[in-house]
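Indexing begins at 1, ligand by ligand and atom by atom, following the structure's order. Note that this is a predicted model, so its numbers are computed, not measured. Throughout, residue positions are numbered sequentially from 1 according to the sequence presented.
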Amino acid sequence: IYLSIYLCISPVQPPPLIKGWIPYIGKALEFGKDAHKFLEEYKKKHGDIFTVLIAGKYMTFIMNPLMYPNIIKRGKQLDFHEFSNQVAPRTFGYPPVFSSKFPGMPDQIKRSFHLLQGDNLTPLSKSMMGNLLLVFKQDHLDKRQMEDSGEGGWRTDSMCEFCSKVMFEATFLTLYGKPASKRRHSSMETLREDFIEFDKKFPLLIARIPIWLLGRTKAIREKLINYFLPQRVSCWSNTSQFITRRVDPSSCAHHFAILWASVGNTIPATFWAMYHLVSHPEALEAVRQEIHKVLNVHVFTLKQLFTWRQTHTPVESAVNESLRHSSSSMNIRVAQEDFSLPLEAEQSVAVRKGDIITLYPRSMHMDPEIYDQPEMYRYDRFVQDGRQKTDFYKDGQRLKYYCMPFGSGATMCPGRYFAINEIKQFLFLLLLHFDLQLVEGQPKVTLDTSRAGLGILLPAKDVRFRYRLHSCCPTE
Ligand code: HEM
């Protein structure tokens with residue numbers, strides 16, 4: 001009786017603890033299978049806050065988005081880098097940079113993030129547009145080849161593979177530059193294949209499975225790292241300032257980590273943006289019309305499109321909607337001290353130094369109270385009366401954070417503007433040049449839930465599509 005009176009009146013309580021019966025492993029296996037399903041079940045059982053033992057770590061999940069602002073604003077007490085500095089070096093094979101061995105390094109890295117944003121975004125996006133055009137033109141826009149393909153000029157391809165090839169190479173050329181005497185790197189396809197092999201094991205590395213248990217993964221990682229040996233990188237030209245200005249210890253492995261950050265999520269995000277448009281003709285038509293309007297009204301040439309940054313248009317909304325649909329990024333923060341974290345009126349949780357506090361925005365993205373029929377793709381969900389829609393509600397209260405594919409707070413993804421621009425540029429070129437169709441008779445593509453928590457989810461299975469040159473396709 002005393003205990004229940006104490007629990008009722010005490011404002012600072014530890015959240016319910018879910019440990020499972022396997023020591024250390026805890027609930028890691030169930031969580032790894034389908035994190036979304038797992039967390040939704042425990043939310044129903046235990047409410048908005050609970051702690052789960054996952055592979056030796058006690059992770060406290062905050063499931064109510066109305067509580068997010070209280071966590072996000074505590075960037076100093078709840079730090080992102082303590083976690084990323086443990087995980088990233090082990091995964092990508094470089095020494096921890098947030099240590100006394102490398103004084104000044106964290107500040108230097110933080111400064112380099114500005115080179116992806118603001119005024120620096122313009123040259124970067126201009127270069128991306130040039131590289132996208134180069135890859136599209138040489139691989140997909142050859143009129144004769146298209147006509148020779150028979151089938152009335154239609155070509156068939158696998159959509160995720162198509163997005164991966166184009167975005168991997170164009171992003172690589174934009175960030176790292178081109179070889180000395182050629183416009184394209186001859187080894188790009190091998191690099192991409194190795195990258196995909198490594199990426200398949202990425203969730204296991206994040207889960208701290210030793211790399212020597214993962215077959216060829218260590219050898220593939222070495223190969224990927226060695227792609228960035230200084231004698232090779234120094235011969236490349238047109239390298240972005242974001243890369244040239246970074247002076248990192250063991251920089252080859254850092255380059256590899258940045259390559260992962262820059263394409264690991266962007267490729268599946270591009271796939272979903274394209275897939276949803278191609279499978280929703282009304283959305284495809286709205287975005288196509290917008291592209292033509294922009295090109296006609298503003299008399300833009302393709303190369304000028306990169307300067308066009310309106311945010312309340314169908315294409316922006318369509319990209320956000322596909323991110324909402326496919327994003328599964330967790331926001332993981334480590335407590336830097338003991339403190340009481342206020343979450344709701346009168347409710348606080350006791351946090352101890354070293355505790356891990358986790359936000360799982362996918363639960364918010366799929367909440368029917370916030371997004372009507374959340375499973376449905378609605379390209380115009382984020383646009384209202386010609387403006388960007390920003391008011392979404394939970395329990396009658398307006399949400400400060402409602403779509404979070406890029407993390408939150410001071411450590412929010414520094415490449416987010418570049419990423420959105422790249423995806424828009426890809427869609428613009430695609431829709432401007434091609435008629436597009438899904439090959440009939442294929443099931444709806446579903447998400448591969450096994451990577452839940454780690455960014456944009458891949459499709460469970462690739463999908464076949466057909467494309468042919470648009471009759472009035474421009475080339476300049
Ligand atoms: C960090 C998502 C594209 C560079 C992150 C984080 C997320 C994320 C969720 C962790 C933030 C946090 O927990 O607060 C995405 C998604 C992308 C994308 C969904 C594409 C759709 C990019 C691109 C680049 C990039 C294109 C670079 C060109 C980085 C870097 C970090 C990061 C360097 C680490 C930041 C830090 O250490 O403070 N990203 N990202 N990302 N992202 Fe992205």
Face-on cation placement of Arg324 at Tyr371 ring, 6.0 Å and 45° thresholds: yes
Check: Ser279/Tyr377 side-chain N/O donor and acceptor closer than 3.5 Å: no
Lys394 NZ: over 12 foreign heavy atoms closer than 6.0 Å: yes
Between Ser328 and Arg451: side-chain donor-acceptor atoms closer than 3.5 Å: no
His140 and Tyr467: side chain donor to acceptor below 3.5 Å: yes
Pair Thr390, Arg398: side-chain N/O donor-acceptor within cut-off below 3.5 Å: yes
Close residues, ligand 1: non-hydrogen atom nearer than 4.0 Å: Phe80, His81, Phe113, Leu116, Ala261, Ser262, Asn265, Thr266, Ala269, Ser329, Arg333, Pro405, Phe406, Gly407, Ser408, Thr411, Met412, Cys413, Pro414, Gly415, Phe418, Ala419, Glu422, Ile456
